[in-house]
Amino acid sequence: MNFQQLRSVRETVRCGFNLTEVAAMLYTSQPGVSRQIRELEEELGIDIFVRAGKRLTGLTPPGETLLPIIERLLADAENLRRAGAA
């Protein structure tokens, strides 16, 4: 598990499940975003997103539980960076 995977999940929700938009925001490729999400799902052993074919359409119940944790981890990481810079 790494911060890039967590950012991919957070931005996917923020961008309305549009991975092309997520990729642009994270300065990476759409297949890269998909890979990050899939690897995190495999590591956690859950599906975070509801899929319709290859498209993401929403969060699964475990994904809904996971999202606030991801947001908190990313906020805490940013707070650590700021504290280190101060």
Side-chain angles (χ1 to χ4, degrees):
M1 180 179 325
N2 62 54
F3 285 111
Q4 189 63 25
Q5 291 170 326
L6 301 178
R7 281 187 208 95
S8 293
V9 170
R10 179 186 64 187
E11 294 307 321
T12 297
V13 174
R14 288 182 177 179
C15 292
F17 309 102
N18 182 331
L19 295 185
T20 301
E21 190 176 329
V22 174
M25 290 189 74
L26 297 178
Y27 303 103
T28 189
S29 66
Q30 183 274 327
V33 172
S34 294
R35 187 185 78 252
Q36 294 286 341
I37 291 169
R38 180 57 69 195
E39 287 175 358
L40 181 60
E41 288 178 324
E42 288 174 5
E43 184 174 342
L44 296 175
I46 62 169
D47 286 333
I48 298 170
F49 295 101
V50 175
R51 289 175 171 79
K54 292 187 177 185
R55 299 185 61 82
L56 304 181
T57 59
L59 287 169
T60 62
E64 289 177 12
T65 301
L66 194 64
L67 184 62
I69 298 167
I70 289 172
E71 300 244 1
R72 188 171 49 248
L73 286 169
L74 292 172
D76 286 347
E78 182 58 32
N79 289 336
L80 283 170
R81 275 191 218 97
R82 288 183 188 147

- Item | N/O donor-acceptor pair under 3.5 Å between Asp47 side chain and Phe49 backbone | no
- Verdict with supporting geometry, Asp76 and Leu80, side chain to side chain contact (heavy atoms under 4.5 Å, CB included): CA-CA 6 Å; Asp76 286 347; Leu80 283 170; 5.6 Å; no
- Kindly compute the distance separating CG (Leu6) from CZ (Arg72), expressed to the nearest 0.5 Å. 12.0 Å
- Task: Treating Ile, Leu, Val, Met, Phe, Trp and Tyr as nodes and any side-chain heavy-atom pair under 4.5 angstrom as an edge, say whether Met1 and Val13 lie in one connected cluster.
- Result: yes
- Note on the structure: Interatomic distance, CD1@Ile69 vs CG@Leu74, rounded to 0.5 Å, equals 12.0 Å
- Can you check whether Ile70 reaches Arg7 side chain to side chain, under 4.5 Å on heavy atoms? no
- Message: Applying salt bridge (Lys or Arg N to Asp or Glu O under 4.0 Å), can you list everything that pairs with Glu41, at least two apart in sequence or on another chain?
- Response: Arg38, Arg51
- Message: Between Glu42 and Arg35 (salt bridge meaning N to carboxylate O under 4.0 Å), is one present in this structure?
- Response: no
- Message: Set out, in order, the CA-CA distance, both residues' side-chain angles and the distance that settles side chain to side chain contact (heavy atoms under 4.5 Å, CB included) for Val33 and Ile37, then state yes or no.
- Response: CA-CA 6 Å; Val33 172; Ile37 291 169; 3.9 Å; yes
- Query: Which residue pairs pass the side-chain hydrogen bond (donor to acceptor under 3.5 Å, both in side chains) test with at least one member in residues 52-68, sequence neighbours excluded?
  - Reply: none
- Note on the structure: So CG of Leu44 and CD of Glu39: to nearest 0.5 Å the spacing works out to 12.0 Å
- side chain to side chain contact (heavy atoms under 4.5 Å, CB included) between Val50 and Leu56, worked out: CA-CA 6 Å; Val50 175; Leu56 304 181; over 6 Å; no
- When every non-hydrogen atom of Gln30 is compared with those of Ala23, the smallest separation belongs to N-CB, 3.5 Å
- Task: Return the minimal non-hydrogen interatomic distance between Ser8 and Val22, and the atom names on each side.
- Result: O-CG1, 4.2 Å
- Message: Pair Gln36, Asn2 - check side chain to side chain contact (heavy atoms under 4.5 Å, CB included), show working.
- Response: CA-CA 9 Å; Gln36 294 286 341; Asn2 62 54; 3.8 Å; yes
- Would you say Phe3 and Leu66 are hydrophobically clustered, going by side-chain heavy atoms of ILVMFWY under 4.5 Å? yes
- Query: Is Leu40 reachable from Met25 through a run of hydrophobic residues whose side-chain heavy atoms are each under 4.5 Å from the next?
  - Reply: no
